[in-house]
Amino acid sequence: MRLTRYFLPVLKEDPAEAQIVSHRYMLRAGMIKQQSSGIYSWLPLGYKVLRRIEQIVHEEQIRAGHIPLLMPTLQSADLWRESGRYDDYGQEMLRIKDRQEREMLYGPTNEEMITDIFRSHVSSYKDLPLTLYHIQWKFRDEMRPRFGVMRGREFLMKDGYNFDVDKEAALHAYNRHMVSYLRTYERMGLTAIPMRADSGPIGGDDTHEFLVLASTGESEVFYDSAVTELKLGQREVNYDDRAAVAAICKEFTTLYARTDETHKEDLFNQIPEGRRKVGRGIEVGQIFYFGTKYSEPMKATVQNADGSILPVHMGSHGIGVSRLLGAIIEASHDDKGIIWPEGVTPFHIGIVNLKQGDAEADAACDAIYKAVTAIDLEPLYDDRDERAGGKFATMDLIGLPWRITVGPRGLKNGVVELTSRRTGASEEMSPELAVARLANIYAGI
RNA sequence: CGGAGUGUAGCGCAGUCUGGUAGCGCACCUGCUUCGGGAGCAGGGGGUCGGAGGUUCGAAUCCUCUCACUCCGACCA
C-alpha cells in the first residue's frame, strides 16, 4: 500500500479524552474513531490489525478441532427466558423492541442460542464431542465504558461452546481451550497467564481467566514470577490426547497465579519471596466449565449408548478480540508509539523514501515494494512528499516492526537501511539482502 | 448509579468571572526557499461557540431546561 493512496488520519497531538497509552495511540495512529460512548468505528489501520488477530484466533481454534459458525447479534428474549437469564442479566443487556413489539436483545453472549442450535440438531452421543464457536460483535451496556476498546460497550469476541457426554470429556474440552488459547496469545506476542477466577454471571465450577500483565490493567494479580517464563513455543500438540493436553494445562496452572477475586494470602506466602509478585493485568480471555447449567433447563440432551437420555456437559470459552488490540499496545509500545509484534502487525514492513521525486530513490523504493510483495509480505510505502522527520515519526507511531529507509546518500553506496522498531537498531545493506532478511524474519509467523 | 468535570474550526486550547458580534498553535490550500528525525517566510480557506428557550439595544459570555462526552468509584471479555 502506498501511503498517498491510503486512509491514515494520524494525529500529532494527544486527544484529550484518552487516558491510557493504548487508547491514545489507537486514536493518534488513526486506528479507531469513537462514535458514541464505548462504541468505535474501526478505521483502515485498526481494522487491519483486528482482522489479523481474528485470523490467528480462527487458525488456533480450527487447529484444536473447534468448528466455526456465525450467530446473529440480535436475539429473541424468549430464548433467554428459558434459561432464566432474561431477568437475571440486568441493565447490562441492551433490550430492544421490534415493530411488532416483540422483545429482542443485542446479544451480550450466546450460550442460549448455541444451546438452541445444538438441541435442534443433535440427539445422539455419537455426535459428541462437539465444539462450536464464532467471532461476533457483542453488546454489553457497561455502567462505565472506558479505556477505548479495552472496555467498550460494543466489542468483538470469540466465544466457543463445547458439548460433551460427561464431565470428564467436558474437562478435556476445557483443557483443549486452555492450550489453544496459550498458543493464540503467544502468536500475538503476548504473555497471557491463566489464573484461577470467579465464575460471575455465566455460572460454573471451573474457570480460568487469561491475564496480560500491564500496569493499566483493571485486575489486581498475584503470581509467582516463574509463571511468566513458561512458554508453549513450537511444540506439537495432539489435541485429541487427553493426557498430553492435561499435562500442558498442569504445567501452566501449577505455579501460583490468581486475581484478587480468588487470591489466598497463605498460599501466596509459600512462594519464595524473591518470586512473589503483585501487579495488574488485563483480562483477555476466560474459559468455563459449567456442566448442565444450560442444557438442563433448555433440554439439550443426547441419548446414550445404554438408551438413557442425558443432558450434555457444556463449557464456554471467550477471547476478547477487540480488547486484544488494546492489550497488545499496552504490552508493547514506547514513547514514540506502538510496537507491533510481527504476528499482528498491520503491515509487515514500512518503506520510507527520504527523497520523494528523486528518480533513483523512487525507483529503489518501487523495486523493494515489488520484491517484498512478491514474497507475500505487505509493505506500507510512505511516498508522501514529506520531510524525513515526519515520515519517521509516522512510522514510529503506527509501529510497524521493520522499516526500510531509502535515501540518495545510501543509494550512492548501493545500500538501504533496515531498522527494527523494537530495538531501534539500524543496519545498512543492499536492498536484496534487506528483502531476504525480512523473508527470514517472517518465515513461520 | 453516586461523586467531579468538559462541550468554542479536523486536533489541542484561550476567550466566559467583568455581555459589544470569535482568537492562538497544529493540521489543510497556494507560492517560494528548504529537505537523513515532526522546516522557514508570505498569502489563504474553514467555526449557527453542543441544542432549545429566556433576559438584553446586543449573548460564546447571564438565567432555565436539555443532550453528549470525560474522569474517580462499585460491576465485566
Side-chain angles (χ1 to χ4, degrees), chain A residues 9-20 23-24 27-28 30 33-39 53 57 89-93 107-110 135-160 181 192 197-202 207-212 217-219 259 261 281-288 316-327 336-337 352-358 361 382 384-397 403 405-412 416-417 419 424 426 428:
Chain A
V10 297
L11 304 173
K12 224 168 177 177
E13 289 175 276
D14 285 332
E17 77 266 20
Q19 295 301 305
I20 64 168
H23 190 194
R24 275 207 306 275
L27 290 166
R28 283 194 51 202
K33 169 171 167 41
Q34 181 169 337
Q35 301 294 165
S36 185
S37 181
I39 300 177
I53 289 174
V57 172
Y89 218 92
Q91 294 288 300
E92 269 203 2
M93 186 153 75
T109 177
N110 288 65
I135 298 178
Q136 177 62 292
W137 293 93
K138 305 290 188 290
F139 195 93
R140 293 185 192 171
D141 202 356
E142 295 282 340
M143 296 184 221
R144 189 176 161 216
R146 66 188 117 173
F147 303 150
V149 299
M150 300 262 277
R151 175 156 303 284
R153 291 194 295 169
E154 188 184 52
F155 58 97
L156 189 61
M157 183 166 107
K158 172 264 165 182
D159 45 323
Y181 280 22
D198 260 354
S199 56
I202 309 266
T207 176
H208 280 85
E209 289 178 342
F210 291 79
L211 285 107
V212 173
E218 292 188 274
S219 314
T259 65
E261 294 169 341
I282 300 164
E283 191 188 333
V284 293
Q286 188 161 9
I287 54 178
F288 299 92
S316 76
H317 316 278
I319 292 180
V321 174
S322 47
R323 171 179 286 185
L324 273 167
L325 273 88
K336 293 186 189 132
V352 169
N353 186 345
L354 292 174
K355 190 153 189 174
Q356 208 68 44
D358 175 272
D382 190 345
R384 296 173 302 167
D385 188 16
E386 285 286 324
R387 300 158 62 85
K391 291 191 177 190
F392 290 143
T394 298
M395 281 296 172
D396 288 345
L397 175 63
R403 184 183 84 205
T405 309
V406 179
R409 190 193 290 173
L411 287 177
K412 274 197 190 101
V416 297
E417 261 173 52
T419 306
S426 269
E428 294 198 329

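Heavy atoms only: backbone and side chains are in, while hydrogens, waters and symmetry mates are out. Residue numbers begin at 1 in each chain, while the letters A, B, ... track the order of the sequences. Note that the structure is predicted; figures quoted are calculated from it, not measured.
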Let me check something: any side-chain donor-acceptor pairs from residues 141-149 of chain A under 3.5 Å, sequence neighbours excluded? List them with distances.
unit_1 : atom_1 : unit_2 : atom_2 : d
A/D141 : OD1    : A/R153 : NH1    : 2.9
A/E142 : OE1    : A/R151 : NH1    : 3.1
A/E142 : OE2    : A/R151 : NH1    : 3.0

What are the atom names and distances for every N/O pair under 3.5 Å that joins the protein to nucleotides 2-5 of chain B?
none

Watson-Crick or G-U wobble partner for [N], using a 3.5 Å limit on both distances?
N     : result
B/C1  : B/G73
B/C11 : B/G25
B/A68 : B/U6
B/U18 : none
B/A59 : none
B/A42 : B/U30

Atom-pair distance ([atom1] on [X]; [atom2] on [N]), nearest Å:
X      : N     : atom1 : atom2 : result
A/D141 : B/C1  : CG    : C1'   : 12 Å
A/K355 : B/U34 : NZ    : C1'   : 10 Å
A/I39  : B/U70 : CD1   : C1'   : 16 Å
A/L397 : B/G37 : CG    : C1'   : 14 Å
A/D382 : B/G37 : CG    : C1'   : 13 Å
A/E17  : B/C11 : CD    : P     : 9 Å
A/K33  : B/C69 : NZ    : P     : 12 Å

Nearest heavy-atom neighbours spanning [X] and [Y]:
X      : Y      : answer
A/L11  : A/L397 : O-CD2, 4.2 Å
A/E417 : A/S426 : OE1-OG, 3.4 Å
A/A192 : A/V284 : CB-CG2, 4.2 Å

Identify whether a stacking contact exists between A/F392 and B/G36, where the ring centres must be under 5.5 Å apart and the planes under 30° apart.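 No; by the centre-distance and plane-angle rule, A/F392 does not count as stacking on B/G36.
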
May I have the step-by-step check of side-chain contact (heavy atoms from CB on, under 4.5 Å) for A/R140 and A/Y89, ending in yes or no? CA-CA 10 Å; A/R140 293 185 192 171; A/Y89 218 92; 3.8 Å; yes

So, taking the atom named CD1 in A/I53 and the one named CG in A/L156, what distance separates them when rounded to the nearest 0.5 Å?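 Reported value, rounded in 0.5 Å steps: 9.5 Å.
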
Tell me whether the side-chain N or O atoms of [X] pair up with the base of [N] as donor and acceptor below 3.5 Å, since no angle test is needed here.
X      : N     : value
A/R403 : B/G36 : no
A/D14  : B/G12 : no
A/R146 : B/U70 : no

Can A/K391 and A/Q356 be said to form a side-chain contact (heavy atoms from CB on, under 4.5 Å), step by step? CA-CA 11 Å; A/K391 291 191 177 190; A/Q356 208 68 44; 3.0 Å; yes

For nucleotides 40-47 of chain B, tabulate all protein N/O to nucleotide N/O atom pairs closer than 3.5 Å, reporting atom names and distance.
none

Would A/T405 and A/F392 count as a side-chain contact (heavy atoms from CB on, under 4.5 Å) here? Give the steps. CA-CA 9 Å; A/T405 309; A/F392 290 143; 3.8 Å; yes

What's the gap between [N] and [M] when it is taken at their [atom1] atoms, as a whole Å value?
N     : M     : atom1 : result
B/A27 : B/A9  : C1'   : 11 Å
B/G7  : B/C13 : P     : 9 Å
B/C62 : B/U6  : P     : 12 Å
B/A68 : B/U16 : P     : 29 Å
B/A22 : B/C29 : P     : 27 Å
B/G51 : B/C11 : P     : 15 Å
B/C1  : B/A59 : C1'   : 36 Å
B/G40 : B/C26 : P     : 8 Å

With a 4.0 Å cut-off on heavy atoms, is [X] in touch with a base, just the backbone sugar-phosphate, or nothing at all?
X      : result
A/G30  : nothing
A/R153 : nothing
A/G389 : sugar-phosphate
A/G407 : base
A/E283 : sugar-phosphate

Any side-chain heavy-atom pair from [X] and [Y] closer than 4.5 angstrom?
X      : Y      : answer
A/T419 : A/M395 : no
A/L211 : A/S219 : yes
A/Y181 : A/H317 : yes
A/T259 : A/E283 : no

Under the side chain to side chain donor-acceptor pair (under 3.5 Å) test, residues paired with A/S322 that sit two or more places apart: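 Partners of A/S322 under the side chain to side chain donor-acceptor pair (under 3.5 Å) test: none.
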
With sequence neighbours excluded, what pairs up with A/Q136 under the side chain to side chain donor-acceptor pair (under 3.5 Å) test?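 Partners of A/Q136 by the side chain to side chain donor-acceptor pair (under 3.5 Å) criterion come out as none, since no residue qualifies.
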
Tell me, yes or no, whether the heavy-atom count around A/K138 atom NZ, taken from other residues, nucleotides or ligands under 6.0 Å, exceeds 12.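 Enclosed.
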
Phosphate contact ([N] OP1 or OP2) by [X] side-chain N/O below 4.0 Å:
X      : N     : result
A/S36  : B/C69 : yes
A/R387 : B/G38 : no
A/Q286 : B/A77 : yes

Stepwise, does the side-chain contact (heavy atoms from CB on, under 4.5 Å) test hold for A/I20 with A/M150? CA-CA 10 Å; A/I20 64 168; A/M150 300 262 277; 4.2 Å; yes

Nearest-nucleotide pick for [X], side chain only, options being [options]:
X      : options             : answer
A/A393 : B/G36, B/G38, B/A77 : B/G38
A/M143 : B/A77, B/C75, B/G12 : B/C75
A/D396 : B/G37, B/G12, B/C75 : B/G37

If you find the nucleotide of RNA chain B closest to A/A388 and the one closest to A/S37, which residue's nucleotide is nearer the 5' end?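 Its nearest nucleotide being more 5', the pick is A/A388.
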
Please figure out whether A/Q34 or A/P408 has its closest RNA chain B nucleotide nearer the 5' end.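 Checking each residue's closest nucleotide, the 5'-ward one belongs to A/P408.
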
What does the list of N/O pairs under 3.5 Å between the protein and nucleotides 26-32 of chain B look like, with a distance for each?
unit_1 : atom_1 : unit_2 : atom_2 : d
B/A27  : OP1    : A/K12  : NZ     : 3.3

